[in-house]
Amino acid sequence: MAWAMVSIPSSGFTCRGSKESFLQTPNFKTRLPSLLPPFWPWEKVKIGPLSVSPMGFGTWAWGNQLLWGYQEAMDQALQDTFDLAISKGINLFDTADSYGTGRLNGQSEKLLGRFIKEGPKAARENIVIASKFAAYPWRLTPGQFVDACKSSLGRLQIEQIGIGQLHWSTANYAPFQELALWDGLVAMYEKGLVRAVGVSNYGPKQLLKIHDYLKARGVPLCSAQVQFSLLSMGDSQMELKDICDSLGIRLISYSPLGLGMLTGKYTAANLPAGPRALLFRQILPGLRPLLSALEEIAQKRGKTIPQVAINWCICKGTVPIPGVKSVSQAEDNLGALGWRLSSDEIFQLEAAAKESPRMMIQNVFQTR
């Protein structure tokens, strides 16, 4: 059978596929996972004007002592992790100006900036940084958000951020601040400080509002970052995904492994250190159906449980950004690429997820 380059504008990527299979299969969208060939790191997807790897890496842990136990002695391991990622074709790195704990606020951006500067020039030119700007209560004007963006650029040691994102909406508690956030995004974009703009933790209704507002200002909304995984696939998330698909917005999946609950490493008798243990204690006992399904598919495929969970996010048309803080974690996550779950396997996983009595707690800032 001949293989051809098949471009699908509605999903924003180009990949190698069977031309005949697309032409002869009715309603192919509903069967997309079974039809499409695997994604490799060097096959890019589109986020607005940007070409990025089908999976990025999140850097929340780079500086966070409270939840992730960061110590500055870990920096070399983090650099090794970054170097491995770019050598394997990963070019999307997600961060935020608030990532870090106490005096280490902004540490994630500082480390990324250092690693990029010390890395090979060829790779440096292709890296896409997606950074989020916190809606702190003292940031009340568009100019303050522009200043926040400039501060991030200084820490990152770059001239332009790939995707400038609002970290969360204030609609739930300070709606008067929301317009300043939106105008701040417009100003960043118009000043050329960011190549594209996105949002994080926006629900369906609020996403439609900001999309329409930005469109009226001539600014395309390219991405929406939300907690999205087999542990977080409720009605709101699926509605948000449908809206993103209809508007050409790329959904970026954060916490695709449910803070580690979908790795298979933890049990009720073996909990992680720190605050995560409280959440795990509530949810893990009810995850047996889902973890069993993940394990069954992983064994059949010769994959790991995290690789199956991340691949599910990719099959749903999202760009997952699992967090990494070691070479071994990065290597394992990279194994989520280069293959695809079948339609039957996706159905099996989602059915098992629905059997689990408790889902992931949503971000406190998530809007409707």
Side-chain angles (χ1 to χ4, degrees), residues 57-72 74 78 94-96 98-105 107-108 132 134-137 167-170 172-173 200-203 225-237 252-295 304-306 308-310 312-313 320-326 328-329 332-333 349 352-368:
F57 282 155
T59 63
W60 182 14
W62 299 16
N64 187 292
Q65 295 174 314
L66 180 65
L67 198 64
W68 300 109
Y70 168 80
Q71 299 295 329
E72 291 176 81
M74 298 166 59
L78 295 177
D94 182 79
T95 185
S98 63
Y99 282 177
T101 306
R103 66 177 181 83
L104 294 173
N105 260 18
Q107 182 75 349
S108 172
K132 299 180 290 293
Y136 292 134
H167 205 152
W168 65 84
S169 167
T170 63
N172 288 344
Y173 63 94
S200 179
N201 297 309
Y202 270 62
Q225 187 177 144
V226 68
Q227 185 176 198
F228 190 87
S229 72
L230 283 161
L231 265 182
S232 188
M233 46 172 273
D235 292 343
S236 181
Q237 276 88 348
I252 299 174
S253 305
Y254 78 75
S255 290
L257 298 176
L259 297 180
M261 272 185 275
L262 297 182
T263 62
K265 294 193 303 183
Y266 300 104
T267 65
N270 176 34
L271 298 171
R276 281 190 299 161
L278 298 174
L279 183 63
F280 280 42
R281 190 174 288 115
Q282 296 177 46
I283 298 176
L284 266 178
L287 291 189
R288 194 63 259 161
L290 177 55
L291 290 173
S292 294
L294 283 165
E295 185 176 15
T304 66
I305 288 175
V308 174
I310 294 170
W312 176 85
C313 292
I321 49 169
V324 288
K325 55 180 182 176
S326 69
S328 61
Q329 283 182 342
D332 190 51
N333 290 343
L349 289 170
K354 289 173 183 176
E355 285 182 42
S356 300
R358 302 199 65 169
M359 289 285 99
M360 194 70 172
I361 295 172
Q362 293 306 304
N363 191 298
V364 66
F365 292 115
Q366 180 75 28
T367 61
R368 294 181 62 83

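Counting from 1, the numbers follow the sequence of the chain as shown.
A pairwise comparison of heavy atoms in M74 and G69 identifies SD-O, 3.7 Å as the closest pair. Pairing each heavy atom of P289 with each of G286, the nearest pair is CD-O, 3.7 Å. The shortest heavy-atom contact between S229 and S255 is CB-O, 3.6 Å. For the pair L294 and A309, the tightest heavy-atom approach, listed with the atom from each and the gap, is CD2-N, 4.0 Å. Residues A352 and L290 come closest through the heavy atom pair CB-CA, 3.8 Å. The two residues Y136 and W168 come nearest to each other via the heavy atoms N-CZ2, 4.4 Å.
Between D332 and T263, every side-chain heavy-atom pair lies at or beyond the 4.5 Å cut-off. In this structure, Y266 and L291 have side chains that are not in contact, with every pair of non-hydrogen atoms separated by 4.5 Å or more. Between L259 and W68, the closest side-chain pair of non-hydrogen atoms falls below 4.5 Å.
Surrounding CG of D235 are at most 12 heavy atoms belonging to other residues, nucleotides or ligands under 6.0 Å away.
The distance from the OG atom of S98 to the CG atom of N64 is 9.5 Å, given to the nearest 0.5 Å. Between the CD1 atom of I283 and the CG atom of L278 there is a distance of 11.5 Å, given to the nearest 0.5 Å. With values rounded to the nearest 0.5 angstrom, L104 atom CG is found 9.0 Å from Q71 atom CD. For the atom pair CD1 (I321) and CD1 (I310), the distance works out to 11.5 Å, reported to the nearest 0.5 Å. Interatomic distance, L230 CG to K354 NZ, rounded to the nearest 0.5 Å: 11.0 Å. Between the CD atom in Q227 and the OG atom in S232 there is a gap of 4.0 Å [rounded to 0.5 Å].
For N270 (side chain) and K265 (main-chain N/O), a donor-acceptor pair under 3.5 Å exists by modelled atom type. Without hydrogens or angle criteria, W62 side chain to Y70 main chain gives no donor-acceptor distance under 3.5 Å. The closest donor-acceptor contact from the side chain of T59 to the backbone of D94 lies under 3.5 Å.
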*Could you give me the CA-CA distance, side-chain angles and deciding distance for M261 and F280, then say whether side chain to side chain contact (heavy atoms under 4.5 Å, CB included) is met?*
CA-CA 7 Å; M261 272 185 275; F280 280 42; 3.6 Å; yes

*asked:* What verdict does the side chain to side chain contact (heavy atoms under 4.5 Å, CB included) test give for Y99 and H167, after you've listed the backbone C-alpha separation in whole Å, the side-chain angles of each residue and the deciding distance to 0.1 Å?
replied: CA-CA 11 Å; Y99 282 177; H167 205 152; 3.9 Å; yes

_ring-ring contact (aromatic ring centres under 6.0 Å, His included) for W312 and F228? Distances and angles first, verdict last._
CA-CA 10 Å; W312 176 85; F228 190 87; 5.4 Å; yes

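L284 pairs with exactly one of L271, L279, T267 by the side chain to side chain contact (heavy atoms under 4.5 Å, CB included) rule, that one being L271.
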